[in-house]
**Q** 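Encoded as structure tokens, here's the structure I'll be asking about.
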There are 2 protein chains.
Amino acid sequence: MQRNTRQRSAILETLSRQDDFRSAQQIHEQMKADGETVGLATVYRNLQVLSRSGRLDVLVAGDGESLYRQCEDTGHHHHLVCRECGRTVEFLAPKLESSMDAIAHEHGFTDVDHTLEVFGLCSDHGTREAEAAEEEGEDQAR
Amino acid sequence: MQRNTRQRSAILETLSRQDDFRSAQQIHEQMKADGETVGLATVYRNLQVLSRSGRLDVLVAGDGESLYRQCEDTGHHHHLVCRECGRTVEFLAPKLESSMDAIAHEHGFTDVDHTLEVFGLCSDHGTREAEAAEEEGEDQAR
DNA sequence: ATATGTGCAAATGCTTTGCAACGCC
DNA sequence: GGCGTTGCAAAGCATTTGCACATAT
């Protein structure tokens, strides 16, 4: 089954020192910077395996890129993510869960599942000034 | 500013005859099948422009592919999508909107936005039998 | 031993872009 | 006639995969 390779441990170790969601490539670069020698494909493969086994939390960004981080809460929960820095807060919304189910059932849907992600600017990036200072163009996709 | 080209009208016209969300490529193929001659890049460019101006509804599938369809309701709303056939129902969840904002602000986030999509099996595909009949593996990624 | 995991580079699949030709306004 | 638009093919990106080699167990 699952083996304990230097690379896999290194990936888990790197993730354990990260708070926010990072992309596979960011994680790979981080590791390279830390002196680890791991192939990018290996990072991808492991992130896939680890998230499949529930050890990682996956978040699909607006552009389809997958972001990973170590699970804090293995149950069903949602994320509040800072668009600027990736800072993430997990939260539960029990009322939401039940009303989603209710709406779905009203329309004859069963076996219901949903995805909810909230994006915003955290307290460190919430001023319009800060934003304007860094970006000249403001009309990018997203 | 914005011009009225044969291609642009054709795209809108094609969309107006579609009920469900389709990818840029599907739309392009549909048009080709209908005898329209439009470049794929043009389809992409127009879908982008049209959705940016709020005339189209965009949904990002789990794998990052963008799906489009003509707006029914131009305001903020969510989708209940059948995993099997793509049948889509739009719905509003005002309570949700406010509680999302509340949660976000509690954590110091501003300029908040969110994505919520609900997936399930519509009345035509809701029986477990039907499912079991078609899929042997059940462990795909979500 | 041997099934798993790894590295690399090539392949994929969706989407974007450079650039010359085109055609609305 | 000028500038938004189009087409095509090439480029981009994130991710996946084929395959030979390495390595946990």
Side-chain angles (χ1 to χ4, degrees), chain A residues 1-15 20-53 55-69 81 86 117 137 139-142, chain B residues 1-15 21-32 34-53 55-69 86 137 139-142:
Chain A
M1 358 241 83
Q2 205 130 319
R3 283 177 195 174
N4 247 8
T5 62
R6 165 180 62 78
Q7 293 89 334
R8 184 160 316 186
S9 320
I11 290 172
L12 281 169
E13 206 270 326
T14 300
L15 283 164
D20 309 321
F21 280 89
R22 317 298 307 252
S23 69
Q25 318 225 30
Q26 287 177 315
I27 292 167
H28 180 239
E29 273 172 46
Q30 168 78 94
M31 297 184 70
K32 249 194 329 200
D34 291 352
E36 305 279 358
T37 57
V38 189
L40 177 55
T42 300
V43 173
Y44 272 106
R45 278 190 281 237
N46 277 299
L47 290 175
Q48 221 172 258
V49 169
L50 293 169
S51 65
R52 194 123 59 193
S53 68
R55 298 216 264 164
L56 294 185
D57 213 1
V58 193
L59 171 55
V60 177
D63 60 341
E65 197 179 15
S66 292
L67 306 178
Y68 303 82
R69 83 162 181 175
V81 186
E117 305 300 346
D139 146 307
Q140 37 249 45
R142 177 167 314 235
Chain B
M1 342 235 81
Q2 206 133 317
R3 279 175 200 176
N4 247 5
T5 62
R6 166 179 62 78
Q7 292 88 334
R8 179 118 70 209
S9 321
I11 290 172
L12 281 169
E13 205 270 328
T14 301
L15 283 164
F21 281 90
R22 318 297 306 253
S23 69
Q25 318 224 27
Q26 288 178 315
I27 293 166
H28 180 239
E29 275 173 42
Q30 169 78 94
M31 297 183 72
K32 252 196 327 202
D34 290 353
E36 304 280 358
T37 57
V38 188
L40 177 56
T42 301
V43 173
Y44 272 106
R45 280 190 281 236
N46 277 299
L47 290 174
Q48 221 172 255
V49 170
L50 292 169
S51 66
R52 193 121 62 190
S53 67
R55 298 216 264 164
L56 293 185
D57 214 0
V58 194
L59 171 55
V60 177
D63 60 342
E65 196 179 15
S66 293
L67 307 177
Y68 305 82
R69 83 162 181 176
D139 146 303
Q140 37 252 41
R142 183 158 307 241

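The model shown is predicted, which means the values in this text are computed figures rather than measured ones. Here is how names work: the chains are called A, B, and so on, in the same order as the sequence lines, proteins then strands, and each is numbered from 1. Computed from heavy atoms alone, side chains included, the values below leave out hydrogens, waters and symmetry copies.
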**Q** Using side chain to side chain contact (heavy atoms under 4.5 Å, CB included) as the criterion, list what pairs up with A:Q7, not counting sequence neighbours.
**A** A:T5, A:V38, A:T42

**Q** Starting from the first five and the last five pairs of the helix from C:dA1-D:dT25 to C:dC25-D:dG1, work out the angle between the resulting helix axes, to 10 degrees.
**A** 30°

**Q** Supply the atom-to-atom distance A:Q48 CD to A:Y68 OH, rounded to the nearest 0.5 angstrom.
**A** 6.5 Å

**Q** Return the set of residues passing ring pair (Phe, Tyr, Trp, His ring centres under 6.0 Å) with B:F21 (not counting sequence neighbours), or none when no residue passes.
**A** B:H79

**Q** Separation of B:E65 atom CD from D:dT15 atom P, in whole Å?
**A** 15 Å

**Q** Calculate the interatomic distance between A:L50 atom CG and C:dT6 atom C1'; express it in whole Å.
**A** 15 Å

**Q** Nearest whole Å is fine: how far is C:dT6 P from A:M31 CE?
**A** 10 Å

**Q** Have a look at B:S66 and say if it touches a base, only the backbone sugar-phosphate, or nothing, with a 4.0 Å heavy-atom cut-off.
**A** sugar-phosphate

**Q** Would you say A:L15 and A:L47 make side-chain contact, with heavy atoms under 4.5 Å?
**A** yes

**Q** Could you tell me the separation between the CG atom of A:D20 and the CG atom of A:L59, rounded to the nearest 0.5 Å?
**A** 11.0 Å

**Q** Between A:H28 (NE2) and D:dT16 (P), how many Å, whole number?
**A** 15 Å

**Q** Without decimals, in angstroms, what is the distance between A:D63 CG and C:dC14 C1'?
**A** 12 Å

**Q** Can you tell which of C:dG5, C:dG7, C:dT15 lies closest to the side chain of A:R8?
**A** C:dG5

**Q** Identify the two heavy atoms, one from A:H28 and one from A:L40, that lie closest to each other, and give their separation to 0.1 Å.
**A** NE2-N, 3.5 Å

**Q** Please determine whether a side-chain nitrogen or oxygen atom of B:Q48 lies at a distance below 4.0 Å from atom OP1 or OP2 of C:dT16.
**A** yes

**Q** For A:S23, which residues count as a side chain to side chain contact (heavy atoms under 4.5 Å, CB included) partner, sequence neighbours excluded?
**A** A:Q25, A:Q26, A:E65, A:L67

**Q** Once side chain to side chain contact (heavy atoms under 4.5 Å, CB included) is applied, do any residues pair with A:R6, and if so which ones, sequence neighbours excluded?
**A** A:T37

**Q** Using salt bridge (charged side-chain N to carboxylate O under 4.0 Å, His left out) as the criterion, list what pairs up with B:R8, not counting sequence neighbours.
**A** none

**Q** In whole angstroms, how far is the P atom of C:dC14 from the CG atom of B:L47?
**A** 14 Å

**Q** Between A:Q25 (CD) and D:dC13 (P), how many Å, whole number?
**A** 10 Å

**Q** Treat primed atoms plus P, OP1 and OP2 as sugar-phosphate and everything else as base, then score nucleotides 20-25 of chain D 5' to 3': B for base contact with protein heavy atoms under 4.0 Å, S for sugar-phosphate contact only, - for none.
**A** ---BBS

**Q** Would you list the pairs meeting salt bridge (charged side-chain N to carboxylate O under 4.0 Å, His left out) in which at least one residue belongs to residues 34-43 of chain B, sequence neighbours left out?
**A** B:R17-B:D34

**Q** With sequence neighbours left out, what residues match B:S9 under side chain to side chain contact (heavy atoms under 4.5 Å, CB included)?
**A** none

**Q** Tell me which residues in residues 36-46 of chain B lie within less than 4.0 Å of DNA chain D, going by non-hydrogen atoms.
**A** B:T37, B:V38, B:G39, B:A41, B:T42, B:R45, B:N46

